Amino acid sequence: MSAVSEPGIARLSRHQIARRAAELIPDGSYVNLGIGIPTLAADVMPTDKEIVLHSENGILGVGPAPAEQDRDRDLINASKDYVTLLTGGAYVVHSDAFVMIRGGHLDLALLGAFEVAANGDLANWTTGDKRFPPGVGGAMDLAAGAKAIWVLTDHVTKAGAPKIVNQCRLPLTARGVVRRIFTDLAVIDVTETGLVVREMVSGLTLEALQAVTEPALVLAEDCRELTVGSG
Amino acid sequence: MSAVSEPGIARLSRHQIARRAAELIPDGSYVNLGIGIPTLAADVMPTDKEIVLHSENGILGVGPAPAEQDRDRDLINASKDYVTLLTGGAYVVHSDAFVMIRGGHLDLALLGAFEVAANGDLANWTTGDKRFPPGVGGAMDLAAGAKAIWVLTDHVTKAGAPKIVNQCRLPLTARGVVRRIFTDLAVIDVTETGLVVREMVSGLTLEALQAVTEPALVLAEDCRELTVGSG
Amino acid sequence: MPIDKIVPDVASAVAGMKDGDAIMISGFGFAGVPNDLIHGILDTGADDLTVISNNAGTGTEGLAALVGSGRVRRIICSYPRSRGSDQFDARYAAGEIELELVPQGTLSERMRAAGAGIGAFYTPTAVGTGLAEGKETRTIDGRDYVLEYPLHADIALVQGWRADRWGNVIYRKAARNFGPVMAMAARRTIVQVRDIAELGGLDPEAVVTPGIFVDRVVAIDSDREWDI
Amino acid sequence: MPIDKIVPDVASAVAGMKDGDAIMISGFGFAGVPNDLIHGILDTGADDLTVISNNAGTGTEGLAALVGSGRVRRIICSYPRSRGSDQFDARYAAGEIELELVPQGTLSERMRAAGAGIGAFYTPTAVGTGLAEGKETRTIDGRDYVLEYPLHADIALVQGWRADRWGNVIYRKAARNFGPVMAMAARRTIVQVRDIAELGGLDPEAVVTPGIFVDRVVAIDSDREWDI
């Protein structure tokens, strides 16, 4: 059992990772939620903010999942989940959804990751396993286009290996784009001088976090406890 | 008095040039009418055909001019004349109006000309007079983009000089694009083997026409009289 | 003669298909897929096809049936593998289908370029990744870009919602997705809609695909849920 | 906090203008010109401006007044000279204003490229003409193209018809023209509309400019016919 799964450490669930990220999205932002943990953020958006969610297939103003009887086969998001449209939302053609992405109109994209490097490189589109067909979807467009990229991911792989690495081994999605990483253990900023830990879960030490993170971590002066619902 | 303005020669008016061209537009075509004589064609479209007129400012399905009391300042064509919208027409953003043009979706553009060369070169955007600011509008896009270009023009300049020339002296709008020329004297096809006269007004000889045309003309085997209202 | 792009049935809509055609197929996941037209293509027996679509089909019908028929030589898409993409996965594993993987925004932008007469364009997407390998790059104002070329097709199969005899089309919700840009890109665009509007029945301010981009329209008045 | 892009008046709408700004101004001829916003710009006293618009103004008000003020250093347009473009003509003749003449379709495509994050594109328009002189050309699939770059702006002034507090905009008839593509291209987009719709009051299928492209909206409820 690795140090970070000891009983005293208040690891976040996938939903809690999504919720913490959602809490930190600036009010009024235009945001895309990628496949994986980010998608979970859609249903836990803070109710005191107005945040406009974008979906690559052509929706601006994505609302929460509908009740089962209200599902509409013409209204799904890019993860192919049933969604709704917020009042004030609009439908656009696919190429215009990517004008928004590529043109730098999205304030933020929350993406999943296989690996994130200390310099902000992101690998999240293929494991390179030749047995399976690769799929890229909108990952490269989002990574290259949004004004800021936040990654939401488990801190380590199922096998316990670090996902925050010195250099990505897997094929890249984009170079140097990640600004912040939300994991089950910490919130880490990617800065020019290195990785800065802004929040850590209760019971965790920097040494324990460093043990499951390849690049050197620096503790922010105002590092606080990572909890959900703390605004 | 030059040979082509003799009393026996049935020269067409500008309206008649426009009307003859309109008569020959294939049924169901998508057509742009440029500034000058082409604009006059809008009000003389054959009623037995359905032809969809395009305007660069963002109208597909331009209708005839409205009565004065029905003028709408939000509904003008690219020549800034008041127009109407046909039933079935649509408004589009400017860049999409040029997707239609540049993407080769227009069957035909009818354009004015300062000069047309034997190889189909077109000069219709500037006289090169440095005293006046040049204006190009959509002329170069239309000339490069429409599937076919027909030129509608007086056969000679006000000074009597040929406008159909061996080589354009004025700055070009596009190279090798003109397919057919409608003038007050003749309808001439631009072919790989040269200019072929398809129609001539009554009273005109090939020799007289040649005298006001720089490149060599060939009479089509089935050359007919150029009249308006002859289908 | 009145312009009338409405054809009576699917067979008329897809008439003229040839072996070797490149076909764009609208849809994203299960939304906006022209399933009736796809089965119409299958019924023509056309072979050696290139399919251009965001996904590669799931379940047993629609795009998955076309891919599973063995008549698709090559597929150009952004995200072939999904829950239920067994038909594609099997053909791919067996080396029976070529895959050109294109980032999703580059996919629709290449379609738009084809429709708009743009010869090529520089995009920041995929710079420095495996999907830009072998492609020309260029630094413009300090940023790196990859050169991408237009994506044309012989035919686009598009699902709309309502259309008129001039071929003006409106869509429904997120089923709009690739339809309008495929309609621009293909040499022949065939649209299936739920019902036909009278000419003038669509708001000229709200037409999404103007008729100039559409060649044939067929109405399919069905609530059938396909296995896709 | 609710998103609210609606500002109370023209002065608030144009607040933040700086000397040297590049300003896109919607309109084609006299349709779709945001005259109130233009006069708002004049009132700020901002100088050394670049104006990007299809035309260069006619009459004595609106764009012509801005050009006539002497505060426009440079204009980028497709068709400056028209009946009544005396203000521009005089400045041009006196060598007091720079003109960059751009083919009309290239003008809006360069705006779209700016809005869409495209680094540059190849267009067939203007090949072999004086307007392509000095520009890079390239032969692609046997056809010649000219390389064109994106056209950005600090501010876009756009005339819409109705908008909501999220900045969703619809337009009226041919007054739509350059508005939507300028809204994409500029760093700050300011829209004047005839009236404000409740959020949800615009059909989500018919929104032409989604709010993401809009920063400020001001309602001008006036039938005034400008001398333009």
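Proteins come first, then strands; the chains are lettered A, B, ... in the order of their sequence lines, and each starts at number 1. Because the structure is a prediction, the values reported are computed rather than measured.
At least one side-chain heavy atom of A/Pro133 sits less than 4.5 Å from a side-chain heavy atom of C/Asp89. With a 4.5 Å cut-off on side-chain heavy atoms, A/Leu85 and C/Lys173 do not count as touching. The closest side-chain heavy-atom distance from A/Asp72 to C/Arg172 is below 4.5 Å.
With a 4.5 Å cut-off on non-hydrogen atoms, C/Val102 touches chain A through its backbone but not through its side chain. Proximity to chain C is absent for every atom of A/Leu122, based on heavy atoms less than 4.5 angstrom apart. For A/Thr173, the part lying under 4.5 angstrom from a heavy atom of chain C is the backbone only. There is no contact between C/Thr209 and chain A, counting heavy-atom distances below 4.5 Å. Contact of C/Arg176 with chain A is made through the side chain alone, with heavy-atom distances under 4.5 Å.
Between the CG atom of A/Asp141 and the OG atom of C/Ser78 there is a distance of 8.5 Å, given to the nearest 0.5 Å. We find the CZ-CD1 distance between C/Phe28 and A/Ile59 to be 9.5 Å, quoted to the nearest 0.5 Å. With values rounded to the nearest 0.5 angstrom, C/Gln159 atom CD is found 6.5 Å from A/Asp74 atom CG.
The candidate with the highest count of non-hydrogen atom pairs below 4.5 Å against chain C, out of A/Leu172, A/Asp96, A/Asn77, A/Asn57, is A/Asn57. Of the residues considered (C/Ser82, C/Gly32, C/Ala31), C/Ala31 shows the highest number of contacts with chain A, using heavy-atom pairs under 4.5 Å.
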From CA spacing to verdict: side-chain contact (heavy atoms from CB on, under 4.5 Å), A/Lys80, C/Asn55
CA-CA 11 Å; A/Lys80 287 128 195 169; C/Asn55 307 108; 3.2 Å; yes
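Shown here are the ring pair (Phe, Tyr, Trp, His ring centres under 6.0 Å) partners of C/Phe88, two or more places apart in sequence or in another chain: C/Tyr92.
For a heavy-atom cut-off of 4.5 Å, chain A lies close to C/Glu225, C/Trp226, C/Ile228 in residues 220-228 of chain C. Along residues 131-155 of chain C, the residues that come nearer than 4.5 angstrom to chain A, judged on non-hydrogen atoms, are C/Leu131, C/Arg143 in order of number.
Counted within 6.0 Å of CD on A/Gln167, heavy atoms from surrounding residues, nucleotides or ligands total 12 or fewer; the atom is thus considered open.
Closest approach of C/Thr129 to A/Ala174, counting heavy atoms only: CG2-N, 4.3 Å. Annotation for A/Val93 and C/Val181: closest pair CG2-N, 4.2 Å, computed over non-hydrogen atoms.
The backbone N or O of A/Ser95 sits nowhere less than 3.5 Å from a side-chain atom of C/Arg112 that would complete a donor-acceptor pair.
The ring pair (Phe, Tyr, Trp, His ring centres under 6.0 Å) contacts involving residues 46-98 of chain A comprise A/Tyr82-C/Phe30, A/His94-A/Phe98, A/His94-C/Phe178, where partners must be two or more places apart or lie in separate chains.
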